Amino acid sequence: MIIGRLLAGIGIGISSALVPLYISEISPTEIRGALGSVNQLFICVGILLALVAGLPLAGNPLWWRSMFTIATVPAVLMALGMLFSPESPRWLFKQGRVVEAESAIKTLWGKGKVEEVMIELRASSSGSVEEDAGWFDLFSKRYWKVVSVGATLFLFQQLAGINAVVYYSTSVFRSAGIASDVAASALVGASNVIGTAVASSLMDKQGRKSLLITSFTGMAASMLLLSLSLSWKALSQYSGILAVLGTVLYVVSFSLGAGPVPALLLPEIFASRIRAKAVSLSLGMHWVSNFIIGLYFLSVCNKFGISKVYLGFATVCLLAVIYVANNVVETKGRSLEEIERALSAAT
């Protein structure tokens with residue numbers, strides 16, 4: 001069991017870094033945002049299906065074995081599917097495999113796009129003979145600012161309280177008279193799916209930065225509602241309903257931007273020579289902060305009370321709004337090569 005969980009964790013960690021990177025490099029500019037957020041959408045759908053798959057556990061304690069067996073199906077399908085998927089044209093071009101890059105572009109975007117994309121790739125690489133950056137290069141003056149944006153976005157994502165809200169949601173729903181923990185979790189999962197579906201349709205229309213600002217603002221308001229519903233005596237009569245409303249609004253707000261955007265944005269803003277390592281570093285921040293929140297959340301709640309903790313999360317969300325407004329660049333409608341040239345000129 002322990003070895004299995006360890007292997008599953010390693011696989012999830014690797015895929016969480018590689019999938020957004022691969023999608024960003026193979027997607028046409030005009031729909032890159034939508035395709036990137038579809039990845040997050042299906043993650044949310046998978047979580048919801050996993051919750052539904054857990055329903056038989058109430059009547060059959062041995063059902064967990066069947067659940068783990070079912071979970072191998074999407075993993076096998078993904079492995080088989082990748083055998084037939086083309087390699088990233090950008091990676092192939094960078095390795096000097098020009099003919100293979102042209103073939104991949106033709107497969108992905110059609111024959112008519114080959115010349116246009118190859119011109120962009122050549123323009124991006126003209127005059128540059130630099131090798132891939134090392135890990136220490138990420139902390140150099142040249143790259144640290146953009147790398148810190150990626151790491152900070154994931155730090156805000158976790159410190160804004162998403163996992164704390166999910167962990168505590170069953171207690172919140174019980175206070176409103178919803179006794180089934182599975183039903184409560186399913187409602188949270190459904191809210192996540194709905195919000196992410198909306199984000200997918202808006203990603204290439206509204207842009208990444210505006211969705212992040214809207215998302216963190218909505219999360220701050222929801223956290224404030226949760227805090228007040230649990231601490232303000234004037235609302236005590238409606239505390240259960242308001243807590244449920246705050247939880248659902250928070251999850252929807254999160255899934256509009258703070259959930260899907262960081263993983264999509266990072267491969268877009270990182271230069272090609274640091275992209276793989278910088279994405280890995282940023283997602284490492286995601287998992288470390290996720291672990292810390294899970295480890296200490298209940299202890300902090302017991303010491304300060306859930307209402308004050310929610311108020312702290314609301315403050316983090318407002319700080320995130322200020323940070324995004326001042327440090328995140330908009331990447332909507334721009335190719336990866338255009339973004340890299342613009343950021344290189346800025347530094």
Side-chain angles (χ1 to χ4, degrees), residues 16 20-21 24 32-34 36-37 39-41 138 143-165 192 195-196 198-225 249-271 274-275 278-279 281-290 293 310-334 336 338-340 342-347:
S16 68
L21 182 62
S24 70
R32 188 176 61 237
S37 55
N39 170 49
Q40 181 68 21
L41 173 62
L138 302 182
Y143 294 120
W144 172 242
K145 183 176 181 180
V146 69
V147 171
S148 67
V149 168
T152 303
L153 282 178
F154 273 115
L155 185 63
F156 273 128
Q157 183 195 69
Q158 295 302 306
L159 293 183
I162 179 59
N163 288 307
V165 168
N192 202 7
T196 306
V198 173
S200 298
S201 65
L202 295 177
M203 196 69 68
D204 290 306
K205 297 176 182 177
Q206 299 299 320
R208 288 63 153 157
K209 185 173 182 176
S210 62
L211 282 179
L212 277 175
I213 292 174
T214 301
S215 176
F216 278 116
T217 301
M219 290 160 65
S222 303
M223 277 296 184
L224 184 60
L225 177 60
L249 289 177
Y250 177 90
V251 173
V252 171
S253 296
F254 175 85
S255 58
L256 280 175
V261 170
L264 167 66
L265 187 67
L266 301 197
E268 294 181 327
I269 64 174
F270 293 144
I274 68 165
R275 188 171 293 144
V279 168
L281 178 68
S282 300
L283 283 163
M285 175 65 74
H286 164 85
W287 292 115
V288 168
S289 53
N290 182 307
I293 289 289
Y310 280 158
L311 193 59
F313 286 142
T315 303
V316 171
C317 292
L318 290 176
L319 291 174
V321 171
I322 297 171
Y323 182 84
V324 170
N326 289 284
N327 293 278
V328 174
V329 298
E330 183 54 72
T331 58
K332 177 188 70 171
R334 304 164 79 182
L336 297 184
E338 287 176 323
I339 298 166
E340 181 173 345
L343 290 174
S344 298
T347 55

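The residues of the chain are indexed from 1 along the displayed sequence. From a predicted model like this one, the values you see are computed outputs, not experimental measurements.
The heavy-atom pair separating Phe270 from Val147 by the smallest distance is CE2-CA, 3.7 Å. The minimum heavy-atom distance linking Val165 with Tyr310 is given by the pair CG2-CE2, 4.4 Å. When all heavy atoms of Lys205 and Lys332 are compared, the closest pair comes out as O-NZ, 3.0 Å. Nearest heavy atom pair, residue Ser282 against residue Gly150, reads OG-C, 3.5 Å. Taking all atoms of both residues into account, the shortest heavy-atom contact from Tyr250 to Ala160 is OH-O, 2.8 Å. Heavy-atom minimum distance, Tyr323 versus Val149: OH-CA, 3.3 Å.
Side-chain atoms of Lys209 come within 3.5 Å of backbone atoms of Ala325 as a donor-acceptor pair (strictly under, hydrogens ignored). A donor-acceptor pair under 3.5 Å is formed between the side chain of Ser24 and the backbone N or O of Leu21. Counting only distance, with no hydrogens or angles, the side chain of Asn326 and the backbone of Ile322 share a donor-acceptor pair below 3.5 Å.
Interatomic distance, CG of Asn327 versus NZ of Lys145, reported as 6.5 Å (0.5 Å rounding). With values rounded to the nearest 0.5 angstrom, Gln157 atom CD is found 11.0 Å from Cys317 atom SG. Here the CG atom belonging to Leu224 is positioned 8.5 Å from the CG atom belonging to Leu318, to the nearest 0.5 angstrom. The distance from atom CG of Leu153 to atom CE of Met285, rounded to the nearest 0.5 Å, is 11.0 Å. Note: Asn290 CG to Ile162 CD1 = 10.5 Å, rounded to the nearest 0.5 Å.
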Below 3.5 Å, can you tabulate the donor-acceptor pairs from side chains in residues 253-266 to any protein atom, sequence neighbours excluded?
{"from": "Ser253", "atom 1": "OG", "to": "Leu249", "atom 2": "O", "distance (Å)": "2.8"}
{"from": "Ser255", "atom 1": "OG", "to": "Val251", "atom 2": "O", "distance (Å)": "3.1"}
{"from": "Ser255", "atom 1": "OG", "to": "Val252", "atom 2": "O", "distance (Å)": "2.9"}

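Remark: Arg208 pairs with Asp204, Glu268, Thr331 by the side chain to side chain donor-acceptor pair (under 3.5 Å) rule, at least two apart or across chains.
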